[in-house]
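No hydrogens, no waters, no symmetry mates; every other heavy atom, side chains included, goes into these values.
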Amino acid sequence: MGPNDKYLPLNIHGGENAWDVMGASKIGNGTTTGSVEGPGAASSYSGKAWNESFYDRTGDYPAASTVPESWLGDNMYLQTIGKNDVNALTKYGIENIPGTEKLNSDILRYHEFLPFVTPDGVSRDDGDRGAVGSDRQRLEIKSNTAASNIDANSVGGDIMTHHWRLMLPSETLKFQQDVTNYKAGDFINPHRFWHIFQLKAINGDEAGQPITTLTLVSSGGKGQLEFRNNPDGTQADRIKPLFTIPFDKVADRWLDFEVTILSADKGYVYGKLVDLESNEVLYEGGMTAETLRRPEEKNPTTGRVERGDQPMVAGQQNRSKWGLYRGLYNGAGDAAYADEFQAATMYLADVHLIKRDSSSYIFPNGWDPKAQPKDIVAWARPSAITTTKGTAFPNLGLPSQLDVTLSTGKIEKVNVTWKSDGYDPNGTGTSKIYGTFNGTGVTNTKNIQPYVEVNLTSGYKNWAVTPAAELKVVSQSSGTKNNFIDDKSDTSWQAHSSLGASAANDFQYWAAIKLEKKIDVSKVQIEWSSNSNLLKNYQVYYTNDAAAYTELVEGGTLSASSSATKKTA
């Protein structure tokens, strides 16, 4: 570790509730349910919460007496066990797993069961977050993304090392009984997604497909462990593997895995997977990767939905998730292999994150983030400018710099030269003024052109939109109140979703504006939207009596019980 790196361990203690493990670590940062994604309802097996459920060979689940001894435990889903607790290790059949003696922390044990339907037709699947009839199972721990916990998560330009030790037992990677296409003891061949680690964007509409995963996949006709990058949030046709390793190389042994990720449009992923007992390096290497989610839009040339030139959504972070997240085989297209789905277990230990000092960190193979080109990939849109007709181009107040997102993930201010081509100071209406980025040490290979929207008015000042103006309305639908005075022709105040509502008989539809000071009014302009056809007439009143505005009571949703000021007889 470097002197400015930040070390964030997951403090696993045997016998401690998994909630407390998360809450007591910087990864969980004091939260409980906020850092565990699992069934939101009591277990279908025991009727207890996931963190206290157990197998006890009683109850209504099928073939209770045949539940393997290694699956019996205090918690059906997620529990902690001591690395030196011989009784617990023996109970789960993992007392002789190679590498156990090299563990530093105690162990997290994940378990997901085989769904079933009771004799009376009740589905017992405890699907995604406890959903009934779900097409997936999920049990994951995850880093808390509160603003105060940014050290445990990544934004553009951040470099994060994720380290953990894992063990995938035969009860997960091998069939426990004969099925249609395989014999007991054969390695499984997953048909749907099965992630045991995810780096996932949180916040923003681009939070779809995970950015990177450690996944159990079917590749080359057999089950394999694969680390992969998916560049896109909405599609999965450009997945890029870092490594793919057959199950026979990873089953029934403790593995040490470390992966370091630069979050950027042109990011980097470096991983090392080691057999903990033998110290055999199963994989070590790196690759460039697209590891930063930004808003996606339809490419007008190809029709493909992909990242455009919008910056990352405010508040977005990349968070880490460890667990069992897999698709069930319960869909219409899964019938041919439905009997291959079985219970699953995974063990983790020695989990920690390291937030790297991005100003000095160099990847183990010598790849230096600081030596990479800084290409513009996105830019922050400046506020529109509204001014009066006749304003000369130099007097528009155009910004001299804009915030741009670089291919390295970092955001920098870059100079802009604006072009006066096409600007007509004697016209009115809205137009776009385009510019050129010209920052030192920055390239623009995508030829991104920034622009500013400029609205020239006929010379009137709209006093309704000055900062000190106030507004009251009798009612509003869908939070549209402020649209009445926002000076935008494409938005409008909607008093109610239906002007013919019965409650409208008690009200006049009114809006009142209190100006910041007394002025000489030379023009009142009201623009009606297309759904105003039920209006028969309107009046405009004014007064210099401030009390008249004060006594008006505005309302929210229009209803007969509203306390808003009503019409007088």
Side-chain angles (χ1 to χ4, degrees), residues 381-391 396-397 424-432 452-569:
R381 274 54 174 171
S383 299
I385 295 173
T386 298
T387 187
T388 56
K389 175 182 174 181
T391 302
L396 288 174
D424 180 8
N426 297 314
T428 58
T430 300
S431 61
K432 289 182 178 179
V452 177
E453 290 188 348
V454 175
N455 180 32
L456 294 182
T457 68
S458 57
Y460 296 102
K461 180 174 182 177
N462 186 352
W463 285 91
V465 298
T466 56
E470 298 179 21
L471 172 67
K472 290 181 180 179
V473 296
V474 63
S475 62
Q476 60 175 313
S477 176
S478 303
T480 57
K481 166 185 169 180
N482 290 322
N483 293 347
F484 183 56
I485 58 170
D486 65 358
D487 216 21
K488 296 179 181 179
S489 60
D490 59 345
T491 62
S492 60
W493 162 51
Q494 188 176 20
H496 192 270
S497 59
S498 173
L499 290 174
S502 59
N505 295 328
D506 297 325
F507 295 87
Q508 287 177 323
Y509 286 104
W510 59 260
I513 304 167
K514 180 182 177 183
L515 304 178
E516 67 177 34
K517 63 180 181 179
K518 291 182 180 180
I519 61 169
D520 292 325
V521 178
S522 57
K523 181 180 181 181
V524 175
Q525 180 175 318
I526 302 175
E527 297 182 5
W528 303 102
S529 62
S530 59
N531 64 350
S532 301
N533 59 311
L534 292 178
L535 290 174
K536 303 303 182 184
N537 55 70
Y538 66 93
Q539 296 88 35
V540 177
Y541 300 92
Y542 74 91
T543 180
N544 289 324
D545 182 5
Y549 179 85
T550 302
E551 69 183 21
L552 287 173
V553 178
E554 69 174 341
T557 303
L558 185 69
S559 68
S561 60
S562 173
S563 60
T565 299
K566 298 182 179 181
K567 66 184 179 182
T568 57

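- Taking CZ of F484 as the start and CD1 of I513 as the end, the distance is 5.0 Å to the nearest 0.5 Å.
- Counting heavy atoms from C-beta on, the side chains of T386 and T430 never come closer than 4.5 Å.
- The shortest side-chain heavy-atom distance between L471 and N482 falls under the 4.5 Å cut-off.
- Atoms CD and OG1, from E551 and T565 in turn, are 7.5 Å apart once rounded to the nearest 0.5 Å.
- Taking the ring centroids of W493 and Y509, they lie at or beyond the 6.0 Å cut-off.
- By the 4.5 Å heavy-atom criterion applied to side chains, N455 and I385 are not counted as neighbours.
- Taken to the nearest 0.5 Å, the NZ atom of K389 stands 9.5 Å off from the CG atom of L456.
- Without hydrogens or angle criteria, T480 side chain to Q494 main chain gives a donor-acceptor distance under 3.5 Å.
- Side-chain N/O atoms of T491 and D486 include a donor and acceptor closer than 3.5 Å.
- In this structure, the side chains of L396 and V454 come closer than 4.5 Å at one or more pairs of heavy atoms.
- For the pair T387 and T457, the minimum side-chain heavy-atom distance is 4.5 Å or more.
- A heavy-atom distance below 4.5 Å is found between the side chains of W528 and Y538.
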Worked verdict on E554 versus K481 for salt bridge (charged side-chain N to carboxylate O under 4.0 Å, His left out): CA-CA 11 Å; E554 69 174 341; K481 166 185 169 180; 3.1 Å; yes
